[in-house]
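Heavy-atom basis, side chains included; hydrogens, waters and symmetry copies ignored. In this chain, residues are counted from 1 in sequence order.
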Amino acid sequence: MKRLWILAGVVILLGGIVYVLQKNKKDPNTNIDRAESNFRIENPLTIGRIILTNKSGARSDLKRVGDRWTINDQYKARQSTVDVLLIGIQRQNLDHIPNRAANEDILRTMATSGIHVEIFDLAGKPLLSYYVGGVTQDEYGTFFLKEGSSQPYCLTLPGFDGSLRPRYALEPLDWRDVRFWMEDNEKIDSIIVDYPQQHAAAFIINKKGIGYDVEPLYSTTPIKKGQTTNLVKSYMTNLSGLACEDYLNDIPTKDSILQMQPFMEMKIIYPDKQSRIRFYPVGAPSDSEFSAPYSHYYIAYEGRDFMLAQYEVIKPAFRSYEYFYSK
């Protein structure tokens, strides 16, 4: 019985050795160590920076700053989009190693449309550097190439029907958070909200100690009395959540739109500077009694961006003087 136990132990040991050797042996078709085909980072919380550079030279530099991400050191990044990328990096898995016959075409495509990916840890130390190339014919697999290597690998995302490339292929603008408010609400002295065609709705918010007063912008509007601080704070919170549908900084009609009279203009005043945001209705007004007159607005954030937004998303910005005294 003792000899049988010893024999069983030897068999198990030999089996383990064979498994390790088989797992790490080189593929006779590629002469590449399979252990080098790992493009995953198991814990995305260890990632502090991701740089994506495409062949046109467009560079998306994503950095973790506290509990959020920034893009190109200028804007907040859209967290949901960053999360999609991080999930890919965490779970992308080797599907197969292309044979030598296929490598030439894969590398040719990689040279013309490959996306260079550089990943760093929280201290700035490099973790991975690779290229993301084209996709397989069925569009489920994506070809990856480690920097300095000549052997591509085909990766998939388990449980996902589609390629990994779109997660990496976004332009810098596409990484930006659609919430566009860039003001420091705590430091604002005044907010002037003007409706050029509805003077009775226009108002001024003034900071008074730890509270706020709301006054009519035009002298023709009767002055109201009451406590407005809580409603002003709620209004400013809503402003922080305003989101656009798209950034249209290069739209050809931008200059002509800016010559029009805005529906609403907002000036944000600080002790040493000010900001201005203007809202322009898009298209002809609706004649339906069950919908808003305009479904979309152009938004000109002076010195920053020109955007398109849905009325239903930005309507909390369109408050009137009456609003702050009606509750």
Side-chain angles (χ1 to χ4, degrees), residues 75-76 177-245 247-249 254-282 285 292-327:
Y75 308 105
K76 289 188 295 184
D177 192 340
V178 292
R179 291 172 297 179
F180 59 82
W181 184 258
M182 298 178 66
E183 306 302 326
D184 187 340
N185 291 355
E186 296 299 321
K187 295 181 179 180
I188 294 173
D189 277 348
S190 303
I191 300 177
I192 301 174
V193 177
D194 186 13
Y195 296 90
Q197 296 183 359
Q198 302 177 33
H199 286 189
F203 59 90
I204 305 174
I205 295 173
N206 291 309
K207 192 170 188 177
K208 299 291 185 182
I210 60 173
Y212 297 91
D213 285 344
V214 181
E215 302 172 354
L217 179 59
Y218 294 95
S219 59
T220 54
T221 304
I223 296 176
K224 296 179 177 292
K225 299 291 185 180
Q227 296 297 319
T228 59
T229 293
N230 289 337
L231 281 174
V232 169
K233 288 182 177 179
S234 176
Y235 178 62
M236 295 176 76
T237 298
N238 288 334
L239 293 177
S240 297
L242 296 180
C244 68
E245 184 176 288
Y247 292 96
L248 303 176
N249 291 309
K254 174 182 173 181
D255 288 341
S256 61
I257 293 169
L258 293 176
Q259 298 302 314
M260 299 166 54
Q261 185 181 67
F263 168 72
M264 188 264 272
E265 180 176 358
M266 179 182 294
K267 290 182 181 178
I268 303 98
I269 300 173
Y270 298 87
D272 58 346
K273 64 178 182 178
Q274 71 175 38
S275 300
R276 183 165 71 158
I277 307 175
R278 288 167 288 171
F279 298 78
Y280 301 86
V282 177
Y294 298 94
S295 63
H296 287 77
Y297 283 78
Y298 291 119
I299 302 173
Y301 205 147
E302 191 171 79
R304 292 184 173 130
D305 291 294
F306 190 77
M307 301 162 279
L308 178 69
Q310 296 181 28
Y311 168 75
E312 290 298 327
V313 176
I314 62 169
K315 67 180 181 181
F318 298 153
R319 299 304 187 194
S320 68
Y321 175 59
E322 180 74 24
Y323 166 80
F324 295 96
Y325 295 94
S326 60
K327 298 184 180 182

Report yes or no: does Thr221 contribute a side-chain atom to a donor-acceptor pair with the main-chain N or O of Pro216 at less than 3.5 Å? no
Can you tell me how far CZ of Arg278 sits from CE of Met264, rounded to the nearest 0.5 angstrom? 12.5 Å
Taking C-beta and beyond as the side chain, do Phe324 and Asn230 meet within less than 4.5 Å on heavy atoms? no
With sequence neighbours excluded, residues passing side chain to side chain contact (heavy atoms under 4.5 Å, CB included) with Leu239: Trp181, Ile191, Tyr235, Leu242, Met266, Ala317
Name every donor-acceptor pair, under 3.5 Å, that has one atom in a side chain of residues 201-210 and the other anywhere in the protein, sequence neighbours excluded.
| unit_1 | atom_1 | unit_2 | atom_2 | d |
| --- | --- | --- | --- | --- |
| Asn206 | OD1 | Ser190 | OG | 2.9 |
| Lys207 | NZ | Glu186 | O | 2.7 |

Any idea which heavy atoms bring Tyr325 and Gly226 closest together, and the distance? CE2-N, 3.6 Å
With a 6.0 Å cut-off on ring centres, are Tyr280 and Phe263 close enough? no
Can you tell me if Thr228 and Asp213 form a side-chain donor-acceptor pair at under 3.5 Å? no
Could I get the full list of salt bridge (charged side-chain N to carboxylate O under 4.0 Å, His left out) partners for Glu215, not counting sequence neighbours? none
From OG1 (Thr220) to NE2 (His199), nearest 0.5 Å: 7.0 Å
Would you please name every residue forming a side-chain hydrogen bond (donor to acceptor under 3.5 Å, both in side chains) with Glu312, sequence neighbours left out? Lys315
Sorted by chain and residue number, the salt bridge (charged side-chain N to carboxylate O under 4.0 Å, His left out) partners of Glu245 (sequence neighbours excluded) come out as none
Once rounded to the nearest 0.5 Å, what's the spacing between atom CG of Asp272 and atom CD of Gln274? 11.0 Å
Hey, does Tyr301 have a side-chain heavy atom less than 4.5 Å from the side chain of Arg276? no
One should read off an interatomic distance between Leu308 CG and Cys244 SG, to the nearest 0.5 angstrom, of 8.0 Å
Given 3.5 Å as the limit, does a donor-acceptor pair link the side chain of Asp305 with the main chain of Met307, or not? no
In chain order, what residues pass the ring pair (Phe, Tyr, Trp, His ring centres under 6.0 Å) check against Phe279, with sequence neighbours excluded? Phe318
Residues two or more places apart in sequence or in another chain: which of them pass salt bridge (charged side-chain N to carboxylate O under 4.0 Å, His left out) with Lys267? none
Between Glu302 and Lys273, is there a salt bridge with N-O shorter than 4.0 Å? no
Partners meeting ring pair (Phe, Tyr, Trp, His ring centres under 6.0 Å) with Phe306 (sequence neighbours left out): Tyr298
Does Gln259 have any side-chain hydrogen bond (donor to acceptor under 3.5 Å, both in side chains) partners at least two apart in sequence or in another chain, and if so, which? none
Can you tell if the side chain of Tyr212 reaches within under 4.5 Å of the side chain of Met236, non-hydrogen atoms only? yes
Once you round to the nearest 0.5 Å, how far does OG of Ser275 lie from CG of Asp184? 10.5 Å
Below 4.5 Å, heavy atoms only, C-beta onward: do Ile269 and Ile188 meet side chain to side chain? no
Can you tell if the side chain of Glu183 reaches within under 4.5 Å of the side chain of Tyr270, non-hydrogen atoms only? yes
Just to verify, what does Lys254 make a salt bridge (charged side-chain N to carboxylate O under 4.0 Å, His left out) with, not counting sequence neighbours? none
Test side chain to side chain contact (heavy atoms under 4.5 Å, CB included) applied to Asp189 and Ile268, step by step: CA-CA 8 Å; Asp189 277 348; Ile268 303 98; over 6 Å; no
Could I get the full list of side chain to side chain contact (heavy atoms under 4.5 Å, CB included) partners for Ser234, not counting sequence neighbours? Asn238
Could you walk me through whether Leu217 and Tyr321 pass the side chain to side chain contact (heavy atoms under 4.5 Å, CB included) test, one step at a time? CA-CA 9 Å; Leu217 179 59; Tyr321 175 59; over 6 Å; no
Chi angles and distances behind the side chain to side chain contact (heavy atoms under 4.5 Å, CB included) call for Leu231, Tyr323: CA-CA 9 Å; Leu231 281 174; Tyr323 166 80; 3.7 Å; yes
For the residue pair Ser295 and Tyr311, establish whether any side-chain heavy-atom pair is separated by less than 4.5 Å. no
Listed by chain and number, what are the side-chain hydrogen bond (donor to acceptor under 3.5 Å, both in side chains) partners of Asp194, not counting sequence neighbours? Tyr218
